[in-house]
Asker: 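Submitted below is the structure of interest, expressed as structure tokens.
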Amino acid sequence: MATPRLRFAPSPTGYLHVGGARTALFNWLYARKHGGVMLLRIEDTDKARSTDESTRAIFEGLNWLGLQWDEDVVHQGANLDRHRADAERMLANDTAYRCFCTQEELAERRAAAEANKDSFKYDRRCDRLSAADIAARLADNMPFTVRFRVSEGHTSWNDLVHDTISFPNKDIEDFIILRTDGTPIYNMAVVSDDIAMGITLVMRGDDHISNTPKQILLYRALGAELPQFAHLPMIHGLDGKKLSKRHGATAVGDYQHLGILPGAMLNFLALLGWAPGDDIELMTRDEMIALFDTKGLQKKAAIFDTKKLEWMNGQHLNLLPIDELMSRVTPALVASGHVSAEWLAGHSEWYLKLLELLKVRARTVDDIVQQAGPYLTESVVYDPDAVARQWKDRAFTETALAGVHEALSALPGWNATAMEEALRAVAERLGLGDKAGKIFQPLRVALTGSSASPGIFDVLELLGRERSLARLSSALHFIANTTT
RNA sequence: GGCGGUAUCGUCUAGGGGACUAGGACACGGCCCUCUCAAGGCUGGAACACGGGUUCGAAUCCCGUUACCGCUACCA
């Protein structure tokens, strides 16, 4: 079998959408799995809506996801001459004809048909024009479009996800392939490009199912070999409608900025419309390639539920090799303004420990950044809820924290075992028995400002002797000077 | 309206005639672990759209109905 050639062909009219990203992913997985190539084609023939900014966003999104395309990017707009030449070849081999009907006439007839509750279909009147008539109109410089002449019969293909799909040709009108200005219509441009690029498998959203019979007809008229087709289901929002802006974050860039890992995004997207079987859910990129099979492709549209994405991101956060995680977290940490990359590099052992402790209770990179705050700043900000709950009994809190301060200052070293022994002794002394948690919680607030954190001794170690004791003093001071 | 596509827990899905008392995951509830929060383990509730066939036997095959989605442009 020849090398499979696939393409991802977005139009640059917005950001890279999660649906587009998933289409790109499946194309990429198939290509990587079967030793093929995935090309990128920017469909920028709609000048009014296409922007360079969108093109850049598509590149960025794909790069972030690690979906590298092969060969040079194809810009559809650069191939206009070939599109036109292909259409003219069809005119020459009599599979297409000139249509002199104006847009206004067409609109009128369409409106009339609709008023009669009839479905409108071009009546082929220009296909019945005599040669002399055509010559005369051409001599008059009358503008014309080029229409494809749809033959009798039916058009069907064996779709990789839907099996056989068939359309009666009588339901397909003689569609326009070239506008009055000589530019190609979508289906014309796509087929011309797919042939030129040697595409062997067209894998795209199932909103293109109805375009497929038209495209197949064009391949035949051009004498080209048909590619295989695979139509992927759509992605919908929670309300079951096609995913769009009003559903919230739909651009892959949005998720990047929310602290989602590209590996998690890919994994989540892959599971929307594909299942490897055996109840496998968590996969790395390489595992997805190894497991990918069009047999597992789903026919049904999937609903984009970010809850599972977040869970999955938490899983990937823990699966990711720590140095890779570090390279994702460091820029975010620096952006938070609490530290410099240099400082972190100079304290790599400490930084590593911090990450190990935080990653297990974070779901996103942003969670890590937020939780890292207390360890990177000089002073701590008390969470009002935590203060209200954990420092409720002020007298007790004061004696407890003072006792902790005393016990910890007396310690010769600063290690977890010794500290735990000392603090449990304090609890014992205060008559708390084995309920040392009663002093750990107030202590946690004093050290981190929050009632949730890694294990208290890990926090103490991370903060170090000096900062820990200073925070205890500050807490004592805060309590003494606050009236409730 | 016409044409096409789709239909399993709230969501993502396994399932391709008997292994189904329909499995897993997210979310939700409970329990365990525990200094908090997570993570983890155990556990509970929760689905074959409906109606006809075919068959000894149907979530699985066929037909119809319904619902949803897409296309129906000199947009892509």
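To find a chain, count down the sequence lines: A is the first, B the second, and so on, and within it residues start at 1.
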Asker: Of A:Tyr219, A:Tyr122, A:Phe175, which meets ring pair (Phe, Tyr, Trp, His ring centres under 6.0 Å) against A:Phe148?
Answerer: A:Phe175
Asker: Whom does B:G57 pair with, Watson-Crick or G-U wobble, provided both distances fall under 3.5 Å?
Answerer: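 Result: none.
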Asker: Under a 3.5 Å cutoff, is there a donor and acceptor pairing between the side chains of A:Asp46 and A:Tyr186?
Answerer: no
Asker: Would A:Arg109 and A:Asp123 count as a salt bridge (Lys or Arg N to Asp or Glu O under 4.0 Å) here? Give the steps.
Answerer: CA-CA 10 Å; A:Arg109 282 182 241 155; A:Asp123 61 8; 3.8 Å; yes
Asker: For the residue pair A:Phe292 and A:Trp274, categorise the inter-ring angle as parallel (less than 30°), tilted (30 to 60°) or perpendicular (more than 60°).
Answerer: tilted
Asker: Say we look at B:C31 and B:G15: how far apart would their C1' atoms be, to the nearest angstrom?
Answerer: 31 Å
Asker: For atom P, what is the distance between B:G70 and B:C32, given to the nearest Å?
Answerer: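 Each nucleotide's P atom is 49 Å from the other's.
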Asker: Please measure how far the C1' atom in B:C35 lies from the corresponding atom in B:G29, and state the result in whole Å.
Answerer: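 Between the two C1' atoms, the distance is 25 Å.
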Asker: Scan A:Gln298 against the nucleic acid and name what it touches under 4.0 Å (heavy atoms): base, sugar-phosphate only, or nothing.
Answerer: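 The answer is sugar-phosphate, as A:Gln298 gets under 4.0 Å only of primed atoms, P, OP1 or OP2.
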Asker: Would you mind classifying the nucleic acid contact of A:Asn211 as base, sugar-phosphate or nothing, using non-hydrogen atoms under 4.0 angstrom?
Answerer: base
Asker: So what's B:U66 paired with, Watson-Crick or G-U wobble, going by both distances under 3.5 Å?
Answerer: B:A7
Asker: Which part of the nucleic acid does A:Ala275 contact within heavy-atom distance under 4.0 Å: base, sugar-phosphate only, or nothing?
Answerer: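 If one applies the 4.0 Å heavy-atom cut-off, A:Ala275 turns out to touch the sugar-phosphate alone, with no base involved.
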Asker: Answer with base, sugar-phosphate or nothing: what part of the nucleic acid does A:Pro454 contact at a heavy-atom distance below 4.0 Å?
Answerer: base
Asker: Write down the partner of B:A27 under the Watson-Crick or G-U wobble criteria, each distance required to be under 3.5 Å.
Answerer: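 Check on B:A27: unpaired, no WC or wobble geometry under 3.5 Å.
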Asker: Taking the same atom, P, in B:A38 and in B:C28, what whole-Å distance lies between them?
Answerer: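 Each nucleotide's P atom is 10 Å from the other's.
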Asker: Does anyone know the first and last nucleotide of RNA chain B in reach of chain A, 5' to 3', at under 4.0 angstrom to a heavy atom?
Answerer: B:G1 to B:A76
Asker: By the 4.0 Å heavy-atom rule, please label A:Arg41 as base, sugar-phosphate, or nothing.
Answerer: nothing
Asker: When you compare B:G51 with B:A39, how far apart are their P atoms, in angstrom units rounded to a whole number?
Answerer: 42 Å
Asker: When you measure from every atom of RNA chain B, which of residues 167-185 of chain A have a heavy atom less than 4.0 Å away?
Answerer: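 A:Phe167, A:Asp171, A:Ile176, A:Arg179, A:Thr180, A:Ile185 - these, ordered by number, are the residues of the stretch whose heavy atoms sit under 4.0 Å from the strand.
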Asker: Between A:Thr95 and A:Arg149, is a side chain to side chain donor-acceptor pair (under 3.5 Å) present by the stated rule, with each step listed?
Answerer: CA-CA 6 Å; A:Thr95 50; A:Arg149 185 184 298 109; over 6 Å; no
Asker: Ignoring hydrogens and angles, state whether a donor on the side chain of A:Thr51 or A:Ser54 is under 3.5 Å from an acceptor on the partner side chain.
Answerer: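 Side chains of A:Thr51 and A:Ser54: pair found under 3.5 Å.
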Asker: Would you say A:Glu53 has more than 12 foreign heavy atoms packed within less than 6.0 Å of its CD?
Answerer: no
Asker: Between A:Arg110 and A:Glu108, does a salt bridge (Lys or Arg N to Asp or Glu O under 4.0 Å) hold up when you go through it step by step?
Answerer: CA-CA 5 Å; A:Arg110 199 182 332 262; A:Glu108 254 172 52; over 6 Å; no
Asker: Base, sugar-phosphate, or nothing: which does A:His236 touch, judged by heavy atoms less than 4.0 Å apart?
Answerer: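 It contacts sugar-phosphate atoms only.
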Asker: Could you measure between the two C1' atoms, the one in B:C42 and the one in B:A47, and give it in whole Å?
Answerer: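 Looking at atom C1' only, B:C42 and B:A47 are 24 Å apart.
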Asker: Need one value for A:Gln371: base, sugar-phosphate or nothing, where a base atom within 4.0 Å counts as base even if backbone is also close, heavy atoms only.
Answerer: nothing
Asker: Looking only at the side chains, is there a donor atom on one of A:Asn169 and A:Glu152 sitting less than 3.5 Å from an acceptor on the other?
Answerer: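 Per modelled atom types, A:Asn169 and A:Glu152 side chains form no pair under 3.5 Å.
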Asker: Pairs under 3.5 angstrom only: tabulate donor-acceptor contacts from the side chains of residues 261-269 of chain A to other protein residues two or more places apart or in another chain.
Answerer:
residue  : atom : partner  : partner atom : Å
A:Asn267 : OD1  : A:Met283 : N            : 2.9
A:Asn267 : OD1  : A:His316 : NE2          : 2.8
A:Asn267 : ND2  : A:Glu281 : O            : 2.9

Asker: In whole Å, what separates the P atom of B:U60 from that of B:C50?
Answerer: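 B:U60 and B:C50 have their P atoms separated by 10 Å.
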Asker: B:C71 pairs with which nucleotide, Watson-Crick or G-U wobble, both distances below 3.5 Å?
Answerer: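 When the pairing criteria are applied, B:G2 turns out to be the nucleotide that pairs with B:C71.
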Asker: Indicate, with a heavy-atom threshold strictly under 4.0 Å, whether A:Ser50 touches base, sugar-phosphate, or nothing.
Answerer: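 Counting heavy atoms under 4.0 Å across all strands, no contact is made by A:Ser50.
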Asker: Check the side chains of A:Trp311 and A:Asn313 for a donor-acceptor pair under 3.5 angstrom, ignoring hydrogens and angles.
Answerer: no
Asker: If we take the C1' atom in both B:G18 and B:A59, what is their distance in whole Å?
Answerer: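 Nearest-Å result for B:G18 against B:A59 at atom C1': 13 Å.
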Asker: Scan A:Gly273 against the nucleic acid and name what it touches under 4.0 Å (heavy atoms): base, sugar-phosphate only, or nothing.
Answerer: sugar-phosphate
Asker: Could you let me know what B:A47 is paired to, Watson-Crick or G-U wobble, both distances under 3.5 Å, or none if it's on its own?
Answerer: none
Asker: Could you tell me the Watson-Crick or G-U partner of B:A14, where both distances fall under 3.5 Å? Say none if there is no partner.
Answerer: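 The answer is none; no pair meets the criterion.
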Asker: For A:Glu43 and A:Gly277, find the nucleotide of RNA chain B closest to each by heavy atoms; which residue's nucleotide sits nearer the 5' end?
Answerer: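 Counting from the 5' end, the first nearest nucleotide belongs to A:Gly277.
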Asker: Hey, does A:Ser11 reach any base, or is it just sugar-phosphate, or nothing, if we go heavy atoms under 4.0 Å?
Answerer: sugar-phosphate
Asker: What does A:Arg49 touch in the nucleic acid at a heavy-atom separation under 4.0 angstrom: a base, only the sugar-phosphate, or nothing?
Answerer: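 The residue A:Arg49 makes base contact.
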Asker: Taking the nucleotide of RNA chain B with the closest heavy atom to each, which residue, A:Asp305 or A:Phe457, is nearer the 5' end?
Answerer: A:Asp305
Asker: With heavy atoms under 4.0 Å as the rule, sort A:Ile209 into base, sugar-phosphate or nothing.
Answerer: sugar-phosphate
